[in-house]
S.K.: 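Can you keep this structure in mind? I'll have questions shortly.
Chain naming here is simple, since letters A, B, ... match the order of the sequence lines and numbering starts at 1 in each.
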Number of protein chains: 2
Amino acid sequence: MQKQETLTKNQKIILDLIEKSDQPLKAYSILFDVKKKGINAPLQVYRALNKLVKIGKIHKIESRNAFIACKNSKCQIAKATVFSICESCEDVTEIHDHTLSEHLRDFKDNKGMKYNKYNLEFFGLCKKCI
Amino acid sequence: MQKQETLTKNQKIILDLIEKSDQPLKAYSILFDVKKKGINAPLQVYRALNKLVKIGKIHKIESRNAFIACKNSKCQIAKATVFSICESCEDVTEIHDHTLSEHLRDFKDNKGMKYNKYNLEFFGLCKKCI
DNA sequence: TAACGCTGTGTAATAATATAACATATTTAA
DNA sequence: TTAAATATGTTATATTATTACACAGCGTTA
Ligand SMILES: [Zn+2]
Ligand SMILES: [Zn+2]
Ligand SMILES: [Zn+2]
Ligand SMILES: [Zn+2]
């Protein structure tokens, strides 16, 4: 697994920003925030984001087109993600549930497909919004 | 649950098209295909798509921004979807696995969140592409 | 009937998300 | 030390999705 030390300047700038936020950030809001650091174009942001996703430092919340830091610093689960999303306040939390992970990891369909990754998003209302 | 008979003209045209495809269709490819039937603008497509998603006739594949018909005509599961996606040929299949569904339905996090919906996408290689 | 709320339509404009293409630089590895 | 792989900077463009506005149809109900 790649270490943070090997990240490039742009990747570090963008990872720092995402890690400081406890909630997902969108690409163009990231772009706006890093313009003062000399990152000027969408592609510079997307390139860094893609790399960070690939090495498991961040995850993409597919239903929201937004990116959140992975807090799971020990095992770098980049390929098995579970999130809970409040449909009212849009609060997003990454879930690490051992039993659930096992069921998902062990899942086999009847088509002979070979899985290497999954993404699960739960939607509902958080405690504040119920 | 709303019946197909109650769908409007635009909704029927678009549902028919999606149901004829066994693979997900993208909004603008749908738009291209239905122009001959008098649907001219993106918004007309998105409005129909949103409605069809809402009533469970189709699902959105979030990681692909594409829409696929729900084949599960009996129970209209609109709020609990599982897909397998081949990352090579992009073949998408909806999965109905009783055990998995039970685990997901019964999942409780430790934050007191109330879930009403989930979406799970498995990624890998299908038999043809392995 | 008439007024109202609700849902859908049609159209134009625009916003938001993401990639292509090209030239160049830097790092890694044989 | 040369070649391959990875990253950068920039411009332009493609793709996905929504806002805003005017109006039509339909069922409820005053
Ligand atoms: Zn994570
Ligand atoms: Zn909430
Ligand atoms: Zn379905
Ligand atoms: Zn395949």
S.K.: Does B:Thr8 make a side-chain N or O approach to OP1 or OP2 of C:dT9 shorter than 4.0 Å?
M.R.: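 Yes, such a contact exists.
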S.K.: Quick one: B:Leu52 CG to C:dT7 C1', roughly how many Å, whole number?
M.R.: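 These atoms are roughly 14 Å apart.
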S.K.: About how many Å separate CD1 of A:Ile95 and CE of B:Met113, when rounded to the nearest 0.5 Å?
M.R.: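 One gets 7.5 Å once the value is rounded to the nearest 0.5 Å.
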S.K.: Atom NZ of B:Lys51 and atom OG1 of B:Thr8: how far apart are they, to the nearest 0.5 Å?
M.R.: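 If we round to the nearest 0.5 Å, B:Lys51:NZ and B:Thr8:OG1 are 7.0 Å apart.
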S.K.: Let's see if you can work this out: which of C:dG8, D:dT18, C:dA20 has an atom nearest to the side-chain heavy atoms of B:Leu43?
M.R.: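 In terms of side-chain proximity for B:Leu43, the closest of C:dG8, D:dT18, C:dA20 is D:dT18.
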S.K.: Name the pairs: protein N/O against N/O of nucleotides 15-17 of chain D, kept only if under 3.5 Å.
M.R.:
{"from": "D:dT16", "atom 1": "OP1", "to": "B:Lys26", "atom 2": "NZ", "distance (Å)": "2.3"}
{"from": "D:dA17", "atom 1": "OP1", "to": "B:Lys60", "atom 2": "NZ", "distance (Å)": "2.7"}
{"from": "D:dA17", "atom 1": "OP1", "to": "B:Asn65", "atom 2": "OD1", "distance (Å)": "3.4"}
{"from": "D:dA17", "atom 1": "OP2", "to": "B:Tyr46", "atom 2": "OH", "distance (Å)": "3.1"}
{"from": "D:dA17", "atom 1": "N7", "to": "B:Tyr28", "atom 2": "OH", "distance (Å)": "2.7"}
{"from": "D:dA17", "atom 1": "N6", "to": "B:Tyr28", "atom 2": "OH", "distance (Å)": "3.0"}

S.K.: Round to the nearest Å and state the distance from A:Asn50 atom CG to C:dA18 atom C1'.
M.R.: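 Computing the A:Asn50:CG to C:dA18:C1' distance gives 9 Å.
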S.K.: If hydrophobic clusters are built from ILVMFWY residues whose side chains come within less than 4.5 Å, do A:Leu31 and A:Leu52 share one?
M.R.: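 A:Leu31 clusters together with A:Leu52.
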S.K.: Consider the side chain of B:Lys51, meaning its heavy atoms from C-beta on, and name the nucleotide among D:dG9, C:dG8, D:dA7 that approaches it most closely.
M.R.: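 Nearest nucleotide to the side chain: C:dG8.
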S.K.: Below 3.5 Å between N/O atoms, which protein atoms pair up with nucleotides 22-28 of chain D? Just atom names and distances, please.
M.R.:
none

S.K.: Any salt bridge (charged side-chain N to carboxylate O under 4.0 Å, His left out) pairs touching residues 83-92 of chain A, not counting sequence neighbours?
M.R.: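 Those involving residues 83-92 of chain A are A:Arg64-A:Glu90, A:Glu87-B:Lys117.
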S.K.: In whole Å, what is the span from the NZ atom of B:Lys9 to the C1' atom of C:dG8?
M.R.: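 Spelled out: NZ on B:Lys9 to C1' on C:dG8 is 11 Å.
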S.K.: What distance do B:Leu25 atom CG and B:Ile61 atom CD1 have between them, rounded to the nearest 0.5 Å?
M.R.: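 One finds 11.0 Å between CG of B:Leu25 and CD1 of B:Ile61.
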S.K.: So, OP1 or OP2 of C:dG10: does either fall under 4.0 Å of a side-chain N or O from B:Gln44?
M.R.: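 Yes, because at least one side-chain N or O of B:Gln44 sits under 4.0 Å from OP1 or OP2 of C:dG10.
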S.K.: Test of understanding: with side-chain contact (heavy atoms from CB on, under 4.5 Å), list the residues that count as partners of A:Asn40, not counting sequence neighbours.
M.R.: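 For A:Asn40 the side-chain contact (heavy atoms from CB on, under 4.5 Å) partners, ignoring immediate neighbours, are A:Gln44.
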S.K.: Give the angle between the helix axes at the two ends of the helix from C:dT1-D:dA30 to C:dA30-D:dT1, taking five base pairs at each end and rounding to 10°.
M.R.: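 Here the helix ends are tilted 30° relative to one another.
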S.K.: Rounded to the nearest 0.5 Å, what's the gap from CG on B:Asp106 to CD on B:Glu102? Could you check?
M.R.: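 Reported value, rounded in 0.5 Å steps: 6.5 Å.
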S.K.: Does A:Lys111 have any side-chain contact (heavy atoms from CB on, under 4.5 Å) partners at least two apart in sequence or in another chain, and if so, which?
M.R.: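 Expected list: A:Asp109, B:Thr93.
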S.K.: Mind listing the residues from residues 33-41 of chain A sitting with a heavy atom below 4.0 Å of DNA chain C? Number order is fine.
M.R.: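 Residues of residues 33-41 of chain A that come under 4.0 Å of DNA chain C do not exist, since none gets that close.
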S.K.: May I have the distance from A:Asn10 (atom CG) to D:dT6 (atom C1'), rounded to whole angstrom?
M.R.: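 So the CG-C1' distance, A:Asn10 to D:dT6, works out to 13 Å.
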S.K.: Check whether any side-chain N or O of A:Ser101 sits under 3.5 Å from a backbone N or O of A:Asp97 as a donor-acceptor pair, and report yes or no.
M.R.: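 The answer is yes, because a donor-acceptor pair under 3.5 Å joins these two groups.
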S.K.: Would a distance-only check, ignoring hydrogens and angles, find a side-chain to backbone donor-acceptor pair under 3.5 Å from B:Gln23 to B:Val92?
M.R.: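 Checked: pair present.
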S.K.: For B:Tyr115, check ring-ring contact (aromatic ring centres under 6.0 Å, His included) against everything at least two apart and list the hits.
M.R.: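 By the ring-ring contact (aromatic ring centres under 6.0 Å, His included) rule, B:Tyr115 matches A:Phe122.
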S.K.: In chain order, what residues pass the ring-ring contact (aromatic ring centres under 6.0 Å, His included) check against B:Phe83, with sequence neighbours excluded?
M.R.: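 Result, ring-ring contact (aromatic ring centres under 6.0 Å, His included) vs B:Phe83: B:His59.
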S.K.: Using whole Å, what does the distance between atom P of nucleotide D:dT18 and atom CG of B:Leu49 come to?
M.R.: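 Atom CG in B:Leu49 sits about 10 Å away from atom P in D:dT18.
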S.K.: Output the rest of the hydrophobic cluster of B:Ile130: all Ile, Leu, Val, Met, Phe, Trp and Tyr residues reachable through side-chain heavy-atom contacts under 4.5 Å, sorted by chain and number.
M.R.: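 Besides B:Ile130, the cluster holds B:Leu125.
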S.K.: To the nearest angstrom, how far is B:Ile55 atom CD1 from C:dT7 atom P?
M.R.: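 Taking atom P of C:dT7 as the reference, CD1 of B:Ile55 is at 13 Å.
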S.K.: Determine whether B:Leu7 and B:Ile55 make a side-chain contact, defined as any pair of heavy atoms from C-beta on separated by less than 4.5 Å.
M.R.: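 The answer is yes, as the side chains (C-beta and beyond) meet within the 4.5 Å cut-off.
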S.K.: Drop me the distance from A:Phe67's CZ to A:Ile30's CD1, to the nearest 0.5 angstrom.
M.R.: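 Those atoms lie 7.0 Å apart.
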S.K.: Do any pairs count as a side chain to side chain donor-acceptor pair (under 3.5 Å) and have a residue in residues 118-130 of chain B, sequence neighbours left out, and if so which ones?
M.R.: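 Sorted result for residues 118-130 of chain B: B:Ser63-B:Glu121, B:Thr81-B:Asn119, B:Asn119-B:Glu121.
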S.K.: Dump the pairs, protein N or O against N or O of nucleotides 25-30 of chain C, anything under 3.5 Å, distances to one decimal.
M.R.:
none

S.K.: In whole angstroms, how far is the C1' atom of C:dG8 from the CD atom of B:Gln11?
M.R.: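 It works out to 8 Å between those atoms.
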S.K.: Nearest-Å distance, CG (A:Leu7) to C1' (D:dT8)?
M.R.: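 That distance rounds to 15 Å.
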S.K.: Say you draw a straight line from CG of A:Leu100 to CZ of B:Phe107; how long is it, rounded to the nearest 0.5 Å?
M.R.: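 So the CG of A:Leu100 and the CZ of B:Phe107 are separated by 5.5 Å.
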